[in-house]
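What follows is a single structure, written as structure tokens, with notes after it.
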Amino acid sequence: MPYEDTLVRIAALKADHPQNIALQSFDPAYFATLNADGQSRLMKCLNSGIENPDSEMGCYACQPGDYDKFRPFFAKVLARYHKVPEDARHTNDWTLEGVDGLPANGVLDIAELGLPALSMRVRVGRNLADFPLPGSMTRDDRTALERRMMAAFDQLIADPDYGGAYHSLTPGNPNAISEDEYQALVDAHIMFKDMGADSYLTAAGIAADWPHGRGCYVSEDRGFIIWVGEEDHLRIMCMERGTVLNRVFDRLKVALGVVSGIDGLDFAMSDQYGVVTSCPTNLGTGMRASLHIALPKLTADGTDKRAKDIARPLGLSVRGVGGEHTPIGADGTVDISPSARFCITEAEIITALYKGIALLKAEEDRSGA
Ligand code: DAR
């Protein structure tokens with residue numbers, strides 16, 4: 001029987017890795033009901049969590065339709081990770097008015113919380129509906145998607161609010177940049193790192209064919225960036241140093257309208273699950289809204305452990321200043337973002353960041369060194 005050895009391996013790993021949501025959600029009886037193509041597709045989604053048993057999520061969708069096609073599996077995954085019912089339905093909404101916790105004037109100004117200007121960033125993941133997701137793309141898929149995006153960027157370049165340039169890592173691409181230019185963009189936290197260093201993305205097939213089909217669009221003011229070919233086809237983000245969260249949120253909202261209005265850019269969506277993303281942790285909104293804030297007292301031991309212990313019950317995630325799996329800053333600066341992405345609206349996420357930062361600052365202020 002095909003997959004017999006894999007099924008035995010999954011059963012053993014499931015017993016030893018209770019935190020691995022994909023393995024805990026895998027049901028061999030459901031798997032047996034799938035035809036050969038279905039079994040192959042679902043096993044591909046699971047490969048990262050099998051090859052990396054220490055995963056927390058342990059799976060990635062590899063085709064835009066995977067969440068709906070394998071709903072008996074993904075419903076369990078989403079329920080476990082996002083703490084929602086298995087029949088949960090996502091709603092997208094960027095409208096701030098009426099969101100619980102929004103200040104009366106509608107302005108999410110962290111200066112009102114006694115905070116200085118900080119690095120603020122909001123990003124969304126998006127995938128084109130007529131390509132496989134990054135885990136199942138061929139090299140030709142990746143370069144074809146890049147060419148499609150380069151045509152779209154020509155329209156952005158003409159827009160004074162978003163004008164800039166596209167920098168490609170694809171050998172022979174007319175916009176190809178040198179290794180030094182690439183490293184300078186990585187050091188400026190504008191471009192993403194070589195994905196081959198990430199064992200989860202490598203096992204998922206997402207890092208394959210590096211660096212073909214990878215690059216980033218950067219506006220003149222470096223406040224509007226689109227990654228091409230990272231964990232999702234696109235990561236669209238706005239960032240600036242300031243105190244009013246509405247500025248990056250509203251700019252991204254408008255930018256997304258411009259990008260999604262460009263011919264040939266139809267984003268993968270699910271009626272049940274909202275925005276389709278590679279990782280189930282990002283499904284629904286694909287949004288991560290974050291601030292970089294110094295927490296010298298909560299990080300006095302040089303680690304983010306205490307900050308994480310305090311942030312987690314507040315619904316906040318703590319990362320290093322270089323993003324996921326990176327160290328905290330020398331002065332105790334950490335990247336703080338709401339953990340929720342699914343069954344929460346975009347407007348609720350940005351407001352949750354504002355409310356969460358207020359609570360976290362209060363904990364820092366009353367903490368002993
Ligand atoms: N290490 C993977 C990452 C899951 C969430 N992070 C993403 N999608 N960048 C895991 O399954 O734990």
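Remember, it's a predicted structure, so these values are computed and weren't measured experimentally. Whatever order the structure lists them in is the order used to number ligands and atoms, beginning at 1. Side-chain atoms are counted along with the backbone in the values below, which use heavy atoms only and exclude waters and symmetry mates. Quick note: residue numbers are just sequence positions, from 1.
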* So, for Ala61 and Leu133, which heavy atoms are closest and what is the spacing to 0.1 Å? -> O-CD1, 3.5 Å
* Classify the ring geometry between Phe31 and Tyr3 as parallel (under 30°), tilted (30 to 60°) or perpendicular (over 60°). => perpendicular
* Joint hydrophobic cluster, Met195 plus Leu145, side-chain heavy atoms closer than 4.5 Å -> no
* Structure fact -> By chain and number, the residues contacting ligand 1 below 4.0 angstrom (heavy atoms only) are Ser55, Glu56, Met57, Gly58, Tyr60, Tyr200, Glu231, Cys279, Thr281, Glu324
* Test of ring centre spacing under 6.0 Å for Phe73 and Tyr30 -> no
* Is there a path of hydrophobic side-chain contacts, each under 4.5 Å between heavy atoms of I, L, V, M, F, W or Y residues, that connects Val124 with Val276? -> no
* To do: Could you tell me how the ring of Tyr67 sits relative to the ring of Phe74: parallel (under 30°), tilted (30 to 60°) or perpendicular (over 60°)?
  => tilted
